[in-house]
Amino acid sequence: MNAAFRGLRSLLFVVAAAAVLASACGEGDGSVRVFAASSLQDVLPKLLGAYAETDEGARFEVQYGGSQSLATQIELGADADLFLSANAAQIERLEVEDHIEWQISFVSNCLVIAVDEDSSIATIDGLGASGVRIALGASDVPVGALTDLALAMLDPSLAEAIRANVVTEDPNVRVVLSRLELGEVEAVFVYSTDVAVLEDVRAIEVGGVEPNVYVGGVTSEGGDAAASLLAFLAGHEAVPIWEAAGFEPLNVAVGAR
Amino acid sequence: MPSRNQWWILLPALFGVFFLLPLLGLVWFGLTDGDVASELRSSNTWDALRLSVLTATMTLMLAIVLGTPLAYLLAASEAGWARLTATLLDLPLVLPPVVSGIALLTVFGRRGYLGDPLADAGIGLSFTTAAVVIAQLFVAAPYYVRAAYAGFAAMDPRFEGVAYTLGLSRWRTFRTVTLPLVWPALAGGAVLCWARALGELGATLLFAGSLPGRTQTMPLAILSAFESSAGLAGAVSIAVILVAFALVLMLLLHRATTPSGAYR
């Protein structure tokens, strides 16, 4: 059974690698091959569009996926010039094996409380009131684990009052968000970037937890074109586009050209 | 070697293998890669199992109490509305369960059409154990009603007619004449309904939420484990427990609902 699973996985990888290789051979025109975390899927096309305006010859091929599986593909030899990871761990893992030439943290997102725009809840203290219904992620999924950390930072009596108001612990962040959209709860714990794309929803900051930092790495294959694109993504011109999508730009001074 | 005219036996044999192999694969995968023992020690798993059995059984009881008269009425009536109702009852079988959950929310949710009147009456359904039962009832009861309807429709009405002419009351006729005749159909429908309720996931997640001890049934616990860092192995470990438990209960149910000799 196990061997069969592993066999299937390596077969899938060979197929994926062959596809990447074939597309790379087909496009020998110097386009930048970008591997990007799935959570960038909405915002990255806008950023690439803006970059293309400053550099008319720029061409891109973008492949989205989970950061961990993208890192595994690069490790196993897939051709990528630029890797945009949703966390530092995957870049560090590749750096150890000399797959990454240089890297920079460019944006972050964070845990927020989302409420209806006309909600009377203004701060996290409001979540402890009786009659407030709250949805959050289950402790064993990433958004729920982060929520647990945030609640642990609070005054114990407030945390207890908030816990008492929780009506559901959902299996992923998308389901958590739907509770608010359907009007079944007053408040949900989700990522800032989930809220940014919704109308009629307001985000309330949650203190005390580390943000998720997105890190970009130019691979040993990537040349000046990839470095120039990463500098753009981390630079001043990209800031409004990142912010509109709910991301917090970092290191802007370093990335400025 | 089977004789020349018995080769057709291969077809049911292959079909049996088709169902058996994935189940064996799941159990084997759970026992080798998963950690069934640690899931068996987890109070979360037991809470989910207890809740699953409780809600599926309540669903079945409601389906029998409410569904049997409905199926009887529909089968006895020749009118167009009866046919239409019977067809409408099949619709939840076609709907993806997540859609059934949304459908329930549009009526019984806080912003649903009955949300305000229910709130005024002090009734809040969503995220309660009652909501789990309602979601299961919507999705699973049609299996029972459908089977019961087919059973009543196939019965020769002259048996009841004779009983009435002999002076038996309506209830006594139903109990001593009708019920024994349709028993196999009702029992088969009841097993299907209970099993479907036990496996219900989508409508429950949407309408009732997922809170351990209150609304998190076994399928929801499995989904939650699947999305966690324990991932596949954790989900399959809980699934093995559900499969083992369901197997034992189904065997008992089959024995209890099949009168000896009924099918021979």
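Please read all numbers here as calculations on a predicted model, not as lab measurements. Numbers restart at 1 for each chain; the letters A, B, ... are given by sequence-line order, proteins then strands. Computed over heavy atoms, backbone and side chain alike; hydrogens, waters and symmetry mates excluded.
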Subject >> A:E184 versus B:S126, side-chain donor and acceptor atoms under 3.5 Å >> reply: yes
Original post:
So, for A:P171 and B:L223, which heavy atoms are closest and what is the spacing to 0.1 Å?
Top reply: CG-CD2, 3.5 Å
Subject >> Heavy-atom closest contact (B:P212 atom, A:E169 atom, distance) >> reply: CD-OE1, 3.5 Å
So for atom [atom1], which belongs to [X], do other residues, nucleotides or ligands contribute more than 12 heavy atoms lying within a distance under 6.0 Å?
X: B:R196; atom1: CZ; answer: yes
X: A:E97; atom1: CD; answer: yes
X: A:E205; atom1: CD; answer: no
X: A:E181; atom1: CD; answer: yes

Original post:
Relative to chain A, which segment of B:L205 carries a heavy atom at a distance below 4.5 Å: side chain, backbone, both, or neither?
Top reply: both
Original post:
Checking B:L206 against chain A: side chain, backbone, both or neither under 4.5 Å from a heavy atom?
Top reply: both
Original post:
Charged N to carboxylate O below 4.0 Å: is that the case for A:E186 and B:R110?
Top reply: yes
**OP:** Would you check if B:L211 and A:V166 make a side-chain contact, meaning some heavy-atom pair closer than 4.5 Å?
**Re:** yes
Subject >> Side chain, backbone, both or neither of A:V175 within contact of chain B (heavy atoms, under 4.5 Å) >> reply: side chain
